[in-house]
Trainee: 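Quick one: structure below, then a few questions.
In each ligand, atom 1 is the first atom listed, and ligand 1 is the first ligand listed. A quick note: this is a predicted structure, and the numbers were derived from the prediction, not measured.
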Amino acid sequence: MTTSPYRPDLLKGQHILITGGGTGLGSAIATRFASLGAAITICGRRRSPLEDTVAALRAKGSRAEGIPCDIQHREKVDEMIAEAESRQGSLTGLVNNAAGNFLSLSEQLDPRGFEAVMSINVSGTFHCTQACAQLWIQRKEPGSVLSIVTTYIETGSAFVMPSAASKAAIAAMMRSLAVEWGPYGIRLNAIAPGPIPTKGAWERLIPDKSFEEKLRDSVPIGRFATREELGNLAVYLMSDSAASMTGQVIELDGGARLAGHGAFNGLMQLPREKLAKHFDSLRPPRQPRPPKAR
Ligand code: NAP
């Protein structure tokens with residue numbers, strides 16, 4: 001466990017809603033925010049993960065509430081937010097973390113599967129973001145929104161096309177609103193993680209151990225980013241330390257996306273000694289220097 005880079009009361013006075021906060025990365029972000037004094041509300045469709053996470057947070061002395069909600073339905077989002085504020089006061093921040101994703105051959109993809117991912121990811125994120133912003137604008141209060149996207153928003157990705165399309169849309173939503181709502185003091189940013197082990201992602205997206213190893217081997221730093229690192233970056237973006245940061249998408253993937261792109265990055269697979277010899281052999285022989293004029 002590394003030492004915390006933050007004051008223990010950094011988020012005191014904040015009340016942050018985290019969608020999909022009962023499991024995986026959402027639960028990790030909730031735990032990190034709560035450890036720095038924020039009151040937390042988490043939502044998701046299933047009651048039991050919400051109850052488990054809330055119980056764990058309360059056991060550590062944090063203020064936490066879980067409210068079941070399917071964010072695809074705007075009226076349910078409004079009800080959930082009203083309930084959250086009646087329990088713990090005005091919301092100051094929102095993390096759009098809830099998402100759907102699955103592997104499929106796009107030529108065989110059932111249109112209902114495509115629509116479900118777009119509905120949860122794009123419409124759900126819009127519903128929560130707009131509902132919070134309307135309250136903040138009406139109250140003349142600032143607010144901060146963080147959306148969890150993914151590194152393949154820049155490149156797309158085979159076999160997860162609805163996720164890639166929807167997360168790219170979320171990034172565009174955050175960037176658009178950062179400009180439009182900047183004058184109201186509402187900041188919107190996104191984190192684009194590479195793979196970070198969670199039960200949900202691994203069960204749906206990582207078919208076997210050898211695929212996991214291949215993925216890990218493609219990360220230049222030699223490992224996946226951790227939930228703690230994600231939590232710390234999320235804290236920074238939600239805190240006043242990032243008061244002028246808005247409309248940004250920050251990658252957290254150990255350099256993996258960049259490694260997949262540079263024309264010569266494939267050479268990373270070869271041993272360094274072999275590369276050094278190869279590069280030497282390609283250098284033109286040195287020309288003797290002409291004698292200095294006296
Ligand atoms: P996860 O545990 O499966 O999290 C997804 C969460 O979203 C669940 O808590 C789920 O709860 C909730 N959710 C889904 N549909 C919902 C709906 N209609 N309404 C409300 N809540 C809903 O997976 P994760 O790995 O932690 O992923 C969290 C986020 O990180 C996602 O946005 C994902 O795209 C992103 N991400 C993850 C990775 C990774 O490697 N783990 C990498 C890049 C990006 P219910 O099912 O109970 O509704």
Trainee: Test: salt bridge (Lys or Arg N to Asp or Glu O under 4.0 Å). Region: residues 93-116. Which pairs qualify, not counting sequence neighbours?
Mentor: D110-R112
Trainee: Which of the numbered atoms in ligand 1 are under 4.0 angstrom from any heavy atom belonging to R204?
Mentor: 3 (O), 23 (O)
Trainee: Starting from atom 4 (O) of ligand 1, which protein heavy atom do you reach first, and at what distance in Å?
Mentor: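 Of the protein heavy atoms, T23 OG1, 3.3 Å lies nearest.
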Trainee: Of the choices G44, P68, G124, which has the non-hydrogen atom that lies closest to atom 21 (N) of ligand 1?
Mentor: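 The option holding the nearest heavy atom is G44.
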Trainee: Looking only at protein heavy atoms, which one is nearest to atom 14 (C) of ligand 1, and how far off is it?
Mentor: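 Sorting protein heavy atoms by distance from atom 14 (C) of ligand 1 puts R45 NH2, 3.4 Å first.
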Trainee: Can you list the ligand 1 atoms lying under 4.0 Å from a non-hydrogen atom of I120?
Mentor: 15 (N), 16 (C), 18 (N)
Trainee: Who passes salt bridge (charged side-chain N to carboxylate O under 4.0 Å, His left out) against R45, sequence neighbours left out?
Mentor: none
Trainee: Should the proximity of L25 to ligand 1, defined as any heavy atom under 4.0 Å, be assigned to the side chain, the backbone, both, or neither?
Mentor: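 The answer is both.
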Trainee: Should the proximity of V149 to ligand 1, defined as any heavy atom under 4.0 Å, be assigned to the side chain, the backbone, both, or neither?
Mentor: backbone
Trainee: Going by the order shown, which atoms of ligand 1 are within less than 4.0 Å of some heavy atom of K167?
Mentor: 31 (C), 32 (O), 33 (C), 34 (O)
Trainee: Pick from L103, V117, T150: which one makes a side-chain contact (heavy atoms from CB on, under 4.5 Å) with V160?
Mentor: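 When L103, V117, T150 are each tested with V160, the side-chain contact (heavy atoms from CB on, under 4.5 Å) holds only for L103.
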Trainee: Considering non-hydrogen atoms of the protein only, which is the closest contact for atom 22 (C) of ligand 1, and what is the distance?
Mentor: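 Here the nearest protein heavy atom works out to A98 CB, 3.6 Å.
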Trainee: Using a 4.0 Å cut-off to any heavy atom of I148, which atoms of ligand 1 qualify?
Mentor: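 Here the atoms of ligand 1 in question are 30 (O), 32 (O), 35 (C).
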Trainee: Heavy-atom contacts with D70 under 4.0 Å: which atoms of ligand 1 show up? List them by number with element.
Mentor: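 In order of number, 17 (C), 18 (N), 19 (N).
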Trainee: State, with a plain yes or no, whether a side-chain heavy atom of M80 is found less than 4.5 Å away from one of I67.
Mentor: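 In contact.
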Trainee: State whether the side chain of Q88 and the backbone N or O of I40 hold a donor-acceptor pair below 3.5 Å, judged by distance alone.
Mentor: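 Answer holds: yes.
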Trainee: Could you tell me, atom by atom, which parts of ligand 1 come under 4.0 Å of a heavy atom of A99?
Mentor: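 Once the distances to A99 are compared, the set is 5 (C), 7 (O), 14 (C), 31 (C), 32 (O), 34 (O).
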Trainee: Does even one non-hydrogen atom of P195 get within less than 4.0 Å of ligand 1?
Mentor: yes
Trainee: Give a yes/no verdict on whether any heavy atom in T19 is under 4.0 Å from an atom of ligand 1.
Mentor: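 No, T19 has no heavy atoms under 4.0 Å from ligand 1.
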Trainee: Could you tell me the residue and atom name of the protein heavy atom closest to atom 42 (C) of ligand 1, and the distance to it rounded to 0.1 Å?
Mentor: G194 O, 3.3 Å
Trainee: Answer yes or no for N101: is there a heavy-atom contact with ligand 1 below 4.0 Å?
Mentor: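 The answer is no: ligand 1 sits nowhere under 4.0 Å from a heavy atom of N101.
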Trainee: Tell me the protein heavy atom at minimum distance from atom 43 (C) of ligand 1, and give that distance in Å.
Mentor: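 Closest protein heavy atom to atom 43 (C) of ligand 1: P193 O, 3.3 Å.
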Trainee: List every atom of ligand 1 that sits less than 4.0 Å from any heavy atom of G24, numbering the atoms from 1 in the order shown and giving each element.
Mentor: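 The list of qualifying atoms is 2 (O), 26 (O).
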Trainee: Under 4.0 Å from a heavy atom of N97: give me the atoms of ligand 1 that qualify, with their elements.
Mentor: 28 (C), 29 (C), 30 (O), 31 (C), 32 (O)
Trainee: Around atom 11 (O) of ligand 1, find the nearest protein heavy atom and jot down its residue, atom name and distance.
Mentor: R46 NH2, 3.7 Å
Trainee: Does some non-hydrogen atom of C69 fall short of 4.0 Å from ligand 1?
Mentor: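 Yes.
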